[in-house]
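All residue numbers refer to positions in the sequence shown, counting from 1.
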Amino acid sequence: MLDNEYDVVVIGAGPGGSVAARNLARFGYKTLLLEKRERIGYPVRCGEASTNLADLETYGPIDEGCIETIINGLFIYGPDGVNIEVPKPNMGLMLNRLKFDPWLAHLAANDGVEVVTCARATSVSEVQGDCRIVRVSLGQGDGNGKVTETSTQEIRAKMVVGADGVESQIGRMVGLKSGQLPNLTCTGVDIEVKGLLTKPDYLTFWQGHDFINDGYIWSFPKQRSDVTNFGAGFIVPNKSGPNIYEVTLEWLEKLFPGAKINHTVGGLVPVSGFLKQYTLDRFALVGDAAHHTNPLTGGGIAAAMRAGRFCAQRVDEGFKAHDLSQKFLQGYEKHCYSYFGRMHDFELKFRKFLLALNKPDQIELYKVLQGFALSGYKKRAFLKTPIQTTKYLYRFLKFKG
């Protein structure tokens, strides 16, 4: 059995939840971290690309086994053979989430967080006095992912943080409009393939009318394990058509005939941009649950960790000010927006703009972007294509989505 009272209960032991819990424990709060699954980080439903090592190490010492590849650039196959290479040394990492997520939870536990697996939060009450009541189903795992309930318990928490991912139920339990709308959600499949399919230190993409226009195809190499995460994703269609699993397999065979598949996973990616609201009195969402995912790339690991840190900072300030009201916690929302939300708004608009272009216009825009990349990202490169640059800048600024 767990204790009956905590300062903070964090629901979900992904990167955002573990970072939030660890920081709160380091601030001195009695913190409980709940994970509904038997194994933290499993199953992996993620491309596993994230921020660079210097940034990652600001969250604590990172075990080298968590790191698969140092990413030194991007390569994008565009429409009509207009390809874009973006060399950028040490721009990011490929992680091993089966090791990385447990490692973050391990760091949290070392700093005093009580980490409990096979523990599903089934309800969160309205504020009652100075707390919320979290009802938890405690269970026993069978070693294969199935958890059988053995008991239930009600826990008083002065603050609740929901970090339960793209399928988050916690926000809706307390009345937030945090559900995933189909037309703002990407459905994706990730296939682990033996060997390195593409340049080993680059992330490779295929996008546009010649490939998948309402999404993209990716190849992310994991050098340490000598495998590649190959996948595809697109916005959930309004009409029936080929499912993403079939589409991904078709593209894998087309691009890399005879590739040997290890295993396949699928899932949803929130690409809606920021929620308008994800805090309430004594409650906040973090990461995918708060739609913090990058709406252009679908990447969410780094944003979730940053949000976890910012949330913990604001909650600490709230405890010290004896104010955990929604109005006070909105400072956390503002911090997230100023740090990465404003850029997410821009990227959401750019994604919608790019996908709305017909093929000739898309090719022309890719050529402008290609010239910018070839110049080493010098703005004067746009002077070589002044008419096209002005045309698309004007159309983008006027674009309403």
Side-chain angles (χ1 to χ4, degrees), residues 3 5-35 40-41 50-63 66 95 97 100-117 119 121 131-132 134 155 157-165 168 170-171 278-280 282-290 292 300-325 328-341:
D3 288 348
E5 294 188 16
Y6 291 86
D7 293 320
V8 187
V9 171
V10 180
I11 301 168
S18 288
V19 167
R22 180 174 183 243
N23 278 272
L24 286 160
R26 287 165 67 90
F27 286 134
Y29 302 107
K30 183 180 179 182
T31 305
L32 174 66
L33 177 61
L34 301 174
E35 171 55 49
I40 292 173
S50 190
T51 186
N52 61 58
L53 183 58
D55 184 30
L56 204 64
E57 288 180 333
T58 66
Y59 298 94
I62 304 301
D63 184 89
C66 299
L95 298 171
R97 291 286 300 273
F100 180 68
D101 288 25
W103 179 256
L104 289 181
H106 164 75
L107 292 178
N110 281 352
D111 280 320
V113 176
E114 186 175 351
V115 181
V116 182
T117 58
C131 70
R132 289 179 182 266
V134 181
I155 297 169
K158 295 175 183 176
M159 179 71 195
V160 177
V161 176
D164 51 331
S168 173
I170 300 302
Y278 49 91
T279 59
L280 292 169
R282 299 183 180 273
F283 183 87
L285 293 175
V286 164
D288 281 5
H292 285 151
I301 301 171
M305 295 174 70
R306 288 176 185 128
R309 173 185 283 161
F310 297 159
C311 181
Q313 289 171 348
R314 191 61 173 178
V315 170
D316 174 50
E317 293 166 2
F319 271 116
K320 290 174 178 175
H322 304 287
D323 186 358
L324 289 171
S325 66
F328 187 87
L329 292 173
Q330 283 175 338
Y332 153 60
E333 294 178 346
K334 292 175 182 177
H335 194 173
C336 288
Y337 187 78
S338 66
Y339 195 90
F340 56 86

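- With sequence neighbours excluded, the residues satisfying side chain to side chain donor-acceptor pair (under 3.5 Å) with His106 are Asn110.
- Residues forming a side chain to side chain donor-acceptor pair (under 3.5 Å) with Thr51 (at least two apart in sequence, or on another chain): Asp55.
- Residues passing the salt bridge (Lys or Arg N to Asp or Glu O under 4.0 Å) test with Asp63, sequence neighbours excluded: none.
- The OG atom of Ser18 lies 9.0 Å from the CE atom of Met305; values are rounded to the nearest 0.5 Å.
- In this structure, Phe100 has no ring pair (Phe, Tyr, Trp, His ring centres under 6.0 Å) partners at least two apart in sequence or on a different chain.
- Closest approach of Val113 to Ala25, counting heavy atoms only: CG2-CB, 3.5 Å.
- Remark: Asp323 engages no residue in a salt bridge (Lys or Arg N to Asp or Glu O under 4.0 Å) (not counting sequence neighbours).
- Scored by the side chain to side chain donor-acceptor pair (under 3.5 Å) test, Glu114 finds Tyr6 as partners (sequence neighbours excluded).
- Remark: Arg309 pairs with no residue by the salt bridge (Lys or Arg N to Asp or Glu O under 4.0 Å) rule, at least two apart or across chains.
- The nearest pair of heavy atoms linking Leu33 to Gly12 is CD1-O, 3.4 Å.
- For the pair Ile155 and Val9, the minimum side-chain heavy-atom distance is below 4.5 Å.
- Counting only distance, with no hydrogens or angles, the side chain of Ser338 and the backbone of His335 share a donor-acceptor pair below 3.5 Å.
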Next item on the list: For side chain to side chain contact (heavy atoms under 4.5 Å, CB included), just list the numbers for Leu95 and Ile301, CA-CA rounded to whole Å, side-chain angles, deciding distance to a tenth of an Å, and then say yes or no.
Entry: CA-CA 10 Å; Leu95 298 171; Ile301 301 171; 4.2 Å; yes
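- For the pair Asp288 (side chain) and Ala304 (backbone), a donor-acceptor distance under 3.5 Å is absent.
- Looking at every heavy atom in both residues, Val115 comes nearest to Ala105 through CG2-O, 3.9 Å.
- A 4.5 Å side-chain heavy-atom check between Lys158 and Arg282 finds at least one atom pair inside the cut-off.
- Tyr278 approaches Cys336 most closely through the heavy-atom pair OH-CB, 3.4 Å.
- Considering every non-hydrogen atom in both Ala302 and Ser50, the closest pair reads N-OG, 3.8 Å.
- The ring pair (Phe, Tyr, Trp, His ring centres under 6.0 Å) check on Phe340 picks up Phe274, His292, His344, with sequence neighbours excluded.
- A heavy-atom distance below 4.5 Å is not found between the side chains of Val19 and Leu107.
- Listed by chain and number, the residues in a side chain to side chain contact (heavy atoms under 4.5 Å, CB included) with Asp316 are Phe27, Tyr29, Lys320 (sequence neighbours excluded).
- Nearest heavy-atom pair across Trp103 and Pro61 is NE1-O, 2.7 Å.
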Checklist line | Full working for side chain to side chain contact (heavy atoms under 4.5 Å, CB included) between Ile11 and Val161 | finding: CA-CA 6 Å; Ile11 301 168; Val161 176; over 6 Å; no
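- Inter-residue side-chain proximity for Phe328 and Arg314 is flagged as met; some heavy-atom pair is nearer than 4.5 Å.
- Taking the ring pair (Phe, Tyr, Trp, His ring centres under 6.0 Å) definition, one finds that Tyr59 meets it with nothing, sequence neighbours left out.
- By the salt bridge (Lys or Arg N to Asp or Glu O under 4.0 Å) test, Arg97 is found to be paired with Asp101, residues two or more places apart in sequence or in another chain being considered.
- Figure legend: cation-pi geometry between Arg306 and Tyr339 absent, as NZ or CZ is not positioned both under 6.0 Å from the six-membered ring centre and within 45° of its axis.
- Residues passing the side chain to side chain contact (heavy atoms under 4.5 Å, CB included) test with Gln330 are Thr279, Gln326, Glu333, sequence neighbours excluded.
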Check: Yes or no on salt bridge (charged side-chain N to carboxylate O under 4.0 Å, His left out) for Lys30 and Asp7, after CA distance, side-chain angles and deciding distance?
Finding: CA-CA 5 Å; Lys30 183 180 179 182; Asp7 293 320; over 6 Å; no
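- Of the inter-residue distances, the one linking Glu35 atom CD with Ile40 atom CD1 reads 6.0 Å to the nearest 0.5 angstrom.
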Next item on the list: Go through Leu329 and Val315 one step at a time and tell me if the side chain to side chain contact (heavy atoms under 4.5 Å, CB included) criterion holds.
Entry: CA-CA 7 Å; Leu329 292 173; Val315 170; 4.2 Å; yes
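- Taken from CG in Asn23 to SG in Cys311, the straight-line distance is 10.0 Å, to the nearest 0.5 Å.
- Glu57 is not listed as a side-chain neighbour of Asn52, based on a closest heavy-atom distance of 4.5 Å or more.
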